[in-house]
Amino acid sequence: MPGPTGAACPHCGWPDAAEPFRVLSRHATAGGLTLWTRCGCGSLQVRSVDDRGVRIVSRSRPATAQSSPASR
């Protein structure tokens with residue numbers, strides 16, 4: 001269900017502007033801030049924060065469980 005802006009995670013449908021998402025790191029830039037976040041479904045996201053607001057500029061697929069060598 002998309003939020004008011006219509007933007008939502010294409011993997012789980014959670015609105016981009018909604019919580020919860022986990023902030024992994026913050027980096028100051030000349031134009032504002034870059035946030036690396038993780039959606040509730042596990043998708044890694046890069047968010048750009050500046051005077052125009054917050055935009056998701058990149059996102060990955062949700063993380064998949066890694067199997068151990070012993071389970072192969």
Side-chain angles (χ1 to χ4, degrees):
M1 185 179 307
T5 62
C9 177
H11 307 293
C12 68
W14 196 258
D16 286 339
E19 298 285 339
F21 60 84
R22 186 173 54 158
V23 176
L24 303 174
S25 66
R26 290 181 167 86
H27 306 278
T29 64
L33 190 66
T34 298
L35 298 174
W36 286 78
T37 63
R38 190 162 305 274
C39 181
C41 71
S43 172
L44 183 65
Q45 305 168 344
V46 179
R47 296 174 183 243
S48 176
V49 183
D50 58 21
D51 57 350
R52 294 178 289 174
V54 178
R55 293 178 321 283
I56 294 180
V57 295
S58 182
R59 82 169 89 222
S60 72
R61 288 188 214 110
T64 58
Q66 298 292 320
S67 61
S68 69
S71 67
R72 291 184 196 157

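Here, residue 1 is the first one in the sequence, and each next residue gets the next number.
Residues passing the salt bridge (charged side-chain N to carboxylate O under 4.0 Å, His left out) test with Arg22, sequence neighbours excluded: none. Every side chain to side chain donor-acceptor pair (under 3.5 Å) that Ser25 has, sequence neighbours left out, goes to His27. The salt bridge (charged side-chain N to carboxylate O under 4.0 Å, His left out) search around Arg26 returns none, not counting sequence neighbours.
A single hydrophobic cluster is seen to contain both Leu44 and Val57, as judged by linkage of ILVMFWY side chains at heavy-atom distances under 4.5 Å, directly or through other members.
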Using a 3.5 Å cut-off and no angle test, enumerate the donor-acceptor pairs between side-chain atoms of residues 33-43 and protein atoms at least two apart in sequence or in another chain.
residue : atom : partner : partner atom : Å
Thr37   : OG1  : Gln45   : OE1          : 3.1
Thr37   : OG1  : Arg47   : NE           : 3.1
Arg38   : NH1  : Gly42   : O            : 2.7
Ser43   : OG   : Ser60   : O            : 2.6

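In this structure, Asp16 and Arg55 have side chains that are not in contact, with every pair of non-hydrogen atoms separated by 4.5 Å or more.
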